[in-house]
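As the structure is a computational prediction, the values presented were derived from the model and not from experiment. Residue numbering restarts at 1 for every chain, and letters A, B, ... go by the order of the sequence lines.
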2 protein chains.
Amino acid sequence: MKVTIYDVAKQAGVSIATVSKVINNTGRMRESTRKRVLETMEELNYRPNVMASALMGKRTETIGLLVQDISNPLFSEVARTIEDRAHERGMNVIICSTDANREKEKKYVELLMRKQVDGLIMGSSFHDKKLLQELISDGFPLAMLTHDDSSLPVSTVSVDDFKGGYEAASHHLFNGHRRIAIIAEHAYSSNFRISGYQAAHKAYGVECREEYFYRTHGTIENGKKYFEKLFHRKDIAPPTAIFACNDQLAIGVIQGAKAQGLGIPEDLSVIGFDNTILATTTVPGLTTVAQPIVTMGKKIVDVLVDEIQAGRSLRERVLYNPELIVRGTTYAAKESAANMKPL
Amino acid sequence: MKVTIYDVAKQAGVSIATVSKVINNTGRMRESTRKRVLETMEELNYRPNVMASALMGKRTETIGLLVQDISNPLFSEVARTIEDRAHERGMNVIICSTDANREKEKKYVELLMRKQVDGLIMGSSFHDKKLLQELISDGFPLAMLTHDDSSLPVSTVSVDDFKGGYEAASHHLFNGHRRIAIIAEHAYSSNFRISGYQAAHKAYGVECREEYFYRTHGTIENGKKYFEKLFHRKDIAPPTAIFACNDQLAIGVIQGAKAQGLGIPEDLSVIGFDNTILATTTVPGLTTVAQPIVTMGKKIVDVLVDEIQAGRSLRERVLYNPELIVRGTTYAAKESAANMKPL
DNA sequence: GAAAATAGATTAAGCGCTTAACTAAAAATA
DNA sequence: TATTTTTAGTTAAGCGCTTAATCTATTTTC
């Protein structure tokens, strides 16, 4: 049967309170007693029951991680660093994929609350803002990754999406491109990437055309689909460059382009976002805007755990710099050999 | 403050036992009473505390999933289907990445046991066989994915690795290749893939040369590295085809080959294994042996949950058929235009 | 050497729930 | 109508732990 604190106490010839004290390293006792209890625990292969101690108001040492889809490389890479850091900090992680679906978000939050998780990391946009505000006003430990909504009094860790968008567009513009399409995601962060893209155009004195702008879910299929939309429009000249707001979209674009016989980057330059493993597996490698995934994953755990330990919101806002990783999918546009500078 | 069963009981004017009964749908009571309690629960936004009920011997409705590395696409894809199915069955999943490291395996198993998880899924090879046997003989609900060790009395779900290896090698052989290298993983399943590869050679009357056999960890870097090893050996003619035992290795091989100026598949045919998202993002697409990931993920959860509910090991062994997905990285060998048949 | 302080341990209450045992009232049976 | 059975609910113990309150030596202080 299960070994309980009573078994240990009996065997060691002390009370359960004493055993509890050695478990938690609290109170005072003779060194010999501590040692004897420790040995007995070892001997009986005793494992304290987390449920019972959680019932007494201790932490469950479990945090919930809500992501859109753990099978998406960005999230699985983030999840891995979160998991590792959480373990270092003595916590387990329950991962839930919400599919950016309100119902699931709600269901999983409820479930996680019932399990008494100590805190929650929102791994990307969380759509049910009302539920979010409820959690926040309940003082529940919360940290948001990649969703820097300044209207919410929560700790956030994210990348400077504006800058990322700016750098991606600037790279294209610098390379002489003047017709640069953007395929954005239905995500909060995309708003900033779009703004950055627009700001870069302004800096270069290039008009930003509505016709080159699409917004969709960030899948490979959609990348392909919107590439085709872009290239089958009769009203506009096709773009010579595309800024896709995640790597999957970029890869879809590349696949669509290659299927049409277009050369990458000779005929079309493509930039992605995230620098997931996918960006490294294409040949040529995908030029993309890197998020410091490992750093961010670590940080979000630290922020959350600090908050849990402090017992109140620390409202930390951390913004990391994105980095443009130039690989093989971007190149000077045909119509302009000379590289360009902003105005 | 937290709403407890007492609050509900008081408000509804019943005893906590009655409330408990409506929560668990047990015992009998007037319909009007049940309804009143239900309404009160709703009204107070009451969420039963899983810890407390777990303490009373109920399930925690949590299962642990141990994988090598959740950031590896194969595992993240599997994890996603496991997660979904588990949720359908009313359970949460705690994911732990072991890095195929004994220490971590042990540490995470301990942690999960302390958290009273109802069962464990071993998502790939589990190295600490002793610990495994301990768990099994303790009667702890366990299911193994992709690790069909017949010496262990556990339920397993896996793909027919022998057949997968056989089909991969046969495809190369059929295409006329006679120098087919194999890069295997340090995983239990690789043994069968290797056997299948050897059996196919036998069927075609082709000698299997030791020099074309390597074993390593299944990363992109290692794919590249072993491609180079293979092509810089002076003692043997380089292979015209490679069977890599996972997609990452295959991609590494392709990257190495392209870096050397080799054309894929004209100069080198490559087959991977797993059919992860990575196999679809390369251009041309990677020919690979598909595991029915979704089916397997679902099944392993069902097996485990059935076992948990039955309260004893069902010792189910499920073997799925792999499927060779021919994409663009395999082609007839130069030295033989005609396709070949087995003896 | 008596009072006060300290060290080392125990007792007992209680966390939020489940459930076996019980009770009281209503319904069925004799 | 009296007795048995059924229904609808309650009481109370206990799951494995934490911790404040308590207790008993043993030391320290003056």
Side-chain angles (χ1 to χ4, degrees), chain A residues 1-38 40-41 44-62 90 110-118 311, chain B residues 1-38 40-41 44-62 90 110-118 311:
Chain A
M1 261 317 294
K2 278 229 125 319
V3 181
T4 74
I5 198 170
Y6 289 93
D7 303 317
V8 177
K10 201 170 179 185
Q11 175 97 347
V14 295
S15 72
I16 59 163
T18 303
V19 179
S20 177
K21 275 173 192 150
V22 355
I23 295 170
N24 296 292
N25 236 318
T26 55
R28 27 167 104 272
M29 74 193 62
R30 219 164 282 142
E31 195 46 48
S32 60
T33 310
R34 176 183 306 281
K35 205 176 145 222
R36 187 153 35 90
V37 171
L38 242 21
T40 314
M41 280 167 45
L44 299 183
N45 201 16
Y46 167 70
R47 297 183 223 292
N49 183 327
V50 178
M51 304 292 128
S53 63
L55 243 201
M56 286 304 297
K58 290 242 151 170
R59 320 243 116 96
T60 55
E61 280 152 17
T62 308
E110 297 246 313
L111 233 73
L112 293 169
M113 301 298 282
R114 291 193 38 186
K115 294 242 163 97
Q116 314 285 112
V117 295
D118 297 333
Chain B
M1 261 315 294
K2 278 229 125 319
V3 181
T4 73
I5 199 170
Y6 288 95
D7 303 318
V8 176
K10 200 170 180 185
Q11 176 98 345
V14 293
S15 72
I16 60 163
T18 303
V19 178
S20 177
K21 276 173 192 152
V22 354
I23 295 170
N24 296 291
N25 236 317
T26 55
R28 24 168 104 273
M29 74 194 62
R30 221 166 281 142
E31 196 45 49
S32 60
T33 310
R34 176 183 307 280
K35 206 178 144 218
R36 186 153 36 90
V37 171
L38 242 20
T40 315
M41 279 166 47
L44 298 183
N45 201 16
Y46 167 69
R47 296 185 225 292
N49 182 327
V50 178
M51 303 293 127
S53 63
L55 241 201
M56 287 302 298
K58 290 243 151 170
R59 319 242 116 95
T60 54
E61 280 153 17
T62 308
E110 296 246 312
L111 233 75
L112 292 169
M113 301 296 283
R114 289 193 38 183
K115 294 242 163 97
Q116 313 286 112
V117 294
D118 297 332

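Rounded to an integer number of Å, the gap from CG of B:Asp7 to C1' of C:dC17 is 13 Å. The CE-C1' distance, from A:Met41 to D:dG16, rounds to 14 Å in whole Å. Between the P atom of D:dT18 and the NZ atom of A:Lys58 lies a distance of 6 Å, rounded to the nearest Å. The separation between A:Asn49 atom CG and C:dC15 atom C1' is 13 Å, rounded to whole Å. For B:Met51 and C:dC17, the CE to C1' distance is 12 Å, given to the nearest whole Å.
Contact check for A:Asn49 versus B:Gln116: side-chain heavy atoms found under the 4.5 Å cut-off. Contact check for B:Ile23 versus B:Met41: side-chain heavy atoms found under the 4.5 Å cut-off. Side-chain contact between A:Val19 and A:Lys10 is absent, with no heavy atoms from C-beta onward closer than 4.5 Å.
At the phosphate of C:dG16, neither OP1 nor OP2 sits under 4.0 Å from any side-chain N or O atom of B:Thr4.
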task = Go through B:Asn24 and B:Lys58 one step at a time and tell me if the side-chain contact (heavy atoms from CB on, under 4.5 Å) criterion holds.
result = CA-CA 11 Å; B:Asn24 296 291; B:Lys58 290 243 151 170; 3.3 Å; yes

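Annotation: of the two residues near DNA chain C, B:Val50 and A:Arg34, the 5′-most nearest-nucleotide partner is A:Arg34. For the pair A:Ala17 and B:Ser15, nearest-nucleotide mapping onto DNA chain D gives the more 5' position to B:Ser15.
Listed nucleotides: C:dT18, C:dA9, D:dG16. Nearest to the side chain of B:Leu55: D:dG16.
For A:Tyr6 and D:dC17, a side-chain-to-base donor-acceptor distance below 3.5 Å is present, hydrogens and geometry of angles not being considered.
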Between the protein and nucleotides 23-29 of chain D, list every N/O to N/O distance that falls short of 3.5 Å.
none

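Contact check of residues 18-30 of chain A against DNA chain C (heavy atom, cut-off under 4.0 Å) returns A:Thr18, A:Lys21, A:Arg28, A:Met29, A:Arg30.
Applying the side chain to side chain contact (heavy atoms under 4.5 Å, CB included) test to A:Ile16 and every residue at least two apart in sequence or in another chain returns A:Ile5, A:Tyr6, A:Ala9.
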